[in-house]
Amino acid sequence: PNMTNNGAHRVDLVSGGVFMRQRACELGFGEDVGQFAAHAAANPTEGHDRDCDEFLLAEASKKHIAVFEGRLVRCWTPAAFAVLITCDIDVAAKRRAGKNGDAQNTLVELRERDAKDNKRYPELYPGCIWIPGDYDYVCVNQGKSIEDSVEEILAARQRWLTAHAANLVD
């Protein structure tokens, strides 16, 4: 997948969620990332978390300009522009459930997943769980189109690049 900034240049997306869904399917969990994440948490010696991390790093290393999405990306790219894309958890549950899904059940699943991730990830990568104030930009995307969110993030990135120009290497 890629995003563009008004057609000016291509920005590749490297997504932890996309890879996790793909891996869940490969291992027989369908697209149920929650079940796969629970399996990964219960079976840490199988190395699923590290497999995902290594895949993301390998994919990102192939890109010149990339949007690197996932819960842990700041662990690997500490000097990069960091964005938290967020919305109210009830909104996230409704989006994930879709028109015909069970938003209440999805809400419970999201809360369980977040609790498990917030326990598991710091064991793998101490200091990896950030609060919103740790990011360079926070995009609250409820009530916005994808295009509006992308434009907002790209504008914030441009402001960040301008402010950090003296410290950047191309």
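Atom set for the values below is all heavy atoms of this structure, side chains included, hydrogens, waters and symmetry mates excluded.
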| side-chain contact (heavy atoms from CB on, under 4.5 Å) involving Ala82 - partner list, sequence neighbours excluded |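 Scan of Ala82 (side-chain contact (heavy atoms from CB on, under 4.5 Å), adjacent residues dropped) gives Arg74, Trp130, Tyr135, Asp136.
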
| What residues form a side-chain contact (heavy atoms from CB on, under 4.5 Å) with Glu147, not counting sequence neighbours? |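 Glu147: side-chain contact (heavy atoms from CB on, under 4.5 Å) contacts with Ser145.
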
| request: Run the salt-bridge test on Glu59 and Lys62 with the 4.0 Å N-O cut-off and return the result as yes or no. | output: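 Yes.
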
| Is Glu54 salt-bridged to Arg50, going by a charged N under 4.0 Å from an acidic O? |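 Looking at Glu54 and Arg50, the cut-off is not met.
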
| Is the NZ atom of Lys144 crowded by more than 12 outside heavy atoms at less than 6.0 Å? |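 Correct, the count exceeds 12.
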
| Gln104, CD: over 12 other non-hydrogen atoms inside 6.0 angstrom |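 It does not: Gln104 CD has 12 such atoms or fewer within range.
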
[atom1] of [X] to [atom2] of [Y]: how many Å apart, nearest 0.5 Å?
| X | Y | atom1 | atom2 | result |
| --- | --- | --- | --- | --- |
| Glu112 | Asp117 | CD | CG | 11.5 Å |
| Lys116 | Arg113 | NZ | CZ | 11.0 Å |
| Arg23 | Phe29 | CZ | CZ | 10.0 Å |
| His164 | Phe81 | NE2 | CZ | 10.0 Å |
| Met20 | Asp49 | CE | CG | 6.0 Å |
| Arg96 | Glu109 | CZ | CD | 9.0 Å |

| Can Arg95 and Asn141 be said to form a side chain to side chain contact (heavy atoms under 4.5 Å, CB included), step by step? | CA-CA 12 Å; Arg95 286 178 180 171; Asn141 75 347; 3.1 Å; yes

When the side chains of residues 84-94 are checked against the rest of the protein, which donor-acceptor pairs come out under 3.5 Å, sequence neighbours left out?
unit_1: Asp88; atom_1: OD2; unit_2: Asp90; atom_2: N; d: 2.9

